[in-house]
Engineer: 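One structure is given below, represented as structure tokens, and several questions about it will come after.
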There are 2 protein chains.
Amino acid sequence: MTAGPVDQTERRSGALLQFVARRMRIRSESVLAPLGLRPRHLVALTVLRDADGISQQGLASSLQLDGTNVVGLLNELESAGLIERRRAPEDRRRHVVRLTRNGAKRLNEAEYALAGAEDEVLGALGPAERDTLYDLLRRAARDTPVTCAEAAGCTEEDRPESY
Amino acid sequence: MTAGPVDQTERRSGALLQFVARRMRIRSESVLAPLGLRPRHLVALTVLRDADGISQQGLASSLQLDGTNVVGLLNELESAGLIERRRAPEDRRRHVVRLTRNGAKRLNEAEYALAGAEDEVLGALGPAERDTLYDLLRRAARDTPVTCAEAAGCTEEDRPESY
DNA sequence: CAGATGATTTGTGTAGCACCAACCATTTAT
DNA sequence: ATAAATGGTTGGTGCTACACAAATCATCTG
């Protein structure tokens, strides 16, 4: 058996994601608190920046959060003037959720403020590597195979529940 | 300044980490449940695989978890035979925490079982990209600038609480 | 010997959820 | 038009994962 170690371990990113995300969240909390935000607000705003005009169900599905909790989360963001809910013209039951101009601004400010937290948690990575990480996470966050079913914008023939 | 759009956004990975980690955690739960494990067990085991022979305080610091909760977590893992606590010979107050052979095996099995979950969450990334992600997260998880203070193995002149 | 320190146990409290039920407003099916 | 389904909202319950405090024991160190 001249062959090498044959890829001993499984190299799953799951636990590492939990690990790094927790550290980041803990540090983020103290940075965001003075801005009147909490980590999950940032997550929601970040999702909204990409999926602007999403429905609340779409948001719930994207955030993997129960619908009733999304209501509360959006209430907070709305009363802070960071997002707005409009009724969808083509189906007035639905709410179209949008980042307000102020919301986009605050999101950017918050991200700016998080530089220190990121430095602490991703200190081992250089600028180019952090960039790569950001891009990978962004793509993983956006183009999820379940996106269609989640986005709640699908016409009707959505998915044959194949997964 | 003929320069272009000047790097509009801040590109912080924090929120994306929360987002992707949450999705991964939710899927992991159902995969791990039949194995008698929960996500945080996996995280602890993963840390232990790298930092074998760490003290409980070191573990608490690494996991950013309160010491008392680490006790409970380790109790679970120990009674499942996945880790063991030995007294440190040079300071018998301390416990040296080690992955048992069985623990390493179960960890690997769990990671193997998590393939499907990872496929769902990281579906947008190709194999090479997932590998890159794994490596970046791993390095971020290991070589933290605060490692010394956290590892609790530092001689004594640890850190001048500079951070 | 007198503290400090690592681990453990036993609380108590809180935040972030999931889940249920009831309720509008609106849309779609009959 | 009336019934049923759907999106959103509210209020409530309960669970889990923590943080934090206090008391105990074993051990180390001054």
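All values below were derived from every heavy atom in this structure, side-chain atoms included, with hydrogens, water molecules and symmetry-related copies excluded. Below, chains carry the letters A, B, ... as their sequence lines are ordered, and counting in each starts from 1.
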Engineer: For nucleotides 7-10 of chain C, give me every protein contact, N/O to N/O, under 3.5 Å, one pair per line with atom names.
Structural biologist:
| from | atom 1 | to | atom 2 | distance (Å) |
| --- | --- | --- | --- | --- |
| C:dA7 | OP1 | B:Gln56 | N | 3.0 |
| C:dA7 | OP1 | B:His95 | N | 3.2 |
| C:dA7 | OP2 | B:Gln57 | N | 3.0 |
| C:dA7 | O3' | B:His95 | ND1 | 3.0 |
| C:dT8 | OP1 | B:Arg85 | NH1 | 2.9 |
| C:dT8 | OP1 | B:His95 | ND1 | 3.1 |
| C:dT8 | OP2 | B:Gln56 | OE1 | 2.7 |
| C:dT8 | OP2 | B:Gln56 | NE2 | 2.3 |
| C:dT8 | OP2 | B:Arg85 | NH1 | 2.8 |
| C:dT9 | OP2 | B:Asn75 | ND2 | 3.1 |

Engineer: Using only heavy-atom distances, determine whether the side chains of A:Gln64 and B:Arg27 contain a donor-acceptor pair under 3.5 Å.
Structural biologist: yes
Engineer: Which residues pass the salt bridge (charged side-chain N to carboxylate O under 4.0 Å, His left out) test with B:Arg98, not counting sequence neighbours?
Structural biologist: B:Asp52
Engineer: Measure from CD1 on B:Ile26 to C1' on C:dA18 and round the result to the nearest Å.
Structural biologist: 10 Å
Engineer: Can you see whether A:Asp66 engages A:Thr68 through a side-chain donor-acceptor pair at a distance of less than 3.5 angstrom?
Structural biologist: yes
Engineer: Rounded to whole Å, how long is the line connecting atom CD of A:Gln64 with atom C1' of C:dG16?
Structural biologist: 15 Å
Engineer: Have a look at B:Arg25 and say if it touches a base, only the backbone sugar-phosphate, or nothing, with a 4.0 Å heavy-atom cut-off.
Structural biologist: nothing
Engineer: Taking heavy atoms of chain A and a 4.0 Å limit, find me the 5'-most and 3'-most nucleotide of DNA chain D within that range.
Structural biologist: D:dA5 to D:dA19
Engineer: Round to a whole Å and report the spacing from CG of A:Leu59 to P of C:dC17.
Structural biologist: 13 Å
Engineer: Tell me whether B:Val31 shares a hydrophobic cluster with B:Val121, the cluster being built from Ile, Leu, Val, Met, Phe, Trp, Tyr side chains joined at under 4.5 Å.
Structural biologist: yes
Engineer: Could you check A:Ala88 against A:Arg40 and say which one's nearest nucleotide on DNA chain C is further toward the 5' end?
Structural biologist: A:Arg40
Engineer: With a sphere of 6.0 Å drawn around CZ of A:Arg87, does it hold more than 12 non-hydrogen atoms of other residues, nucleotides or ligands?
Structural biologist: yes
Engineer: Decide yes or no for A:Asn69 and A:Leu63: does some side-chain heavy atom of the first lie under 4.5 Å from some side-chain heavy atom of the second?
Structural biologist: no
Engineer: Rounding to a whole Å, what distance do you find between A:Leu37:CG and C:dA15:P?
Structural biologist: 17 Å
Engineer: How close or far is atom P of C:dT5 from atom CD of B:Glu90, stated in whole angstroms?
Structural biologist: 17 Å
Engineer: I need the A:Gln56 CD to A:Leu59 CG distance, nearest 0.5 Å.
Structural biologist: 7.5 Å
Engineer: Any salt bridge between A:Glu29 and A:Arg38, counting N to O under 4.0 Å?
Structural biologist: no
